[in-house]
Amino acid sequence: MKKFILVVAVAASLGACKSREEKTLDAQSPAATETVKQPVVVQREVHYVTQPAQPAAQTQKKGWSKAATGAVIGGTSGAAVGALVSKKKGKGAVIGGVVGAGAGYLIGRSKDKKDGRVQ
């Protein structure tokens, strides 16, 4: 039973990660490739000039940051592994949860910095 819980915890922590394909698809936005025709008046004649579309105003991102998600996933998987490995179940779960949450937070924070959510 312990091995089964360990396998489920490891699978859950690894399954929460995005694949590289999804990241590259998220990075490509259709607004960057569109062009907009705007009228320009030259000596009372109207000429259309093609210009790249202006990006929309950057909005505040909603939802959990990657740091928060990493802390939760790391904490739960660390607590599960700590409880399985330790002879004193409660103490091992607490230590594993704290260590896992800290590691997950640091990994998620670095991903947030790469994405530009945090400076």
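Keep in mind that the numbers below use all heavy atoms, side chains included, and drop hydrogens, waters and symmetry copies. If you're wondering where the values come from, they're calculated on a predicted model, not measured in any experiment.
- With side-chain heavy atoms closer than 4.5 Å counting as contact, directly or through intermediates, the hydrophobic cluster containing Ile95 also holds Val99.
- Counting only distance, with no hydrogens or angles, the side chain of Asp112 and the backbone of Lys66 share a donor-acceptor pair below 3.5 Å.
- Scored by the side-chain contact (heavy atoms from CB on, under 4.5 Å) test, Lys88 finds Ser86, Lys91 as partners (sequence neighbours excluded).
- Of the inter-residue distances, the one linking Lys111 atom NZ with Thr69 atom OG1 reads 10.0 Å to the nearest 0.5 angstrom.
- Applying the side-chain contact (heavy atoms from CB on, under 4.5 Å) rule to Ala68 yields the partners Trp64, Ser65; only residues at least two apart in sequence or on another chain are considered.
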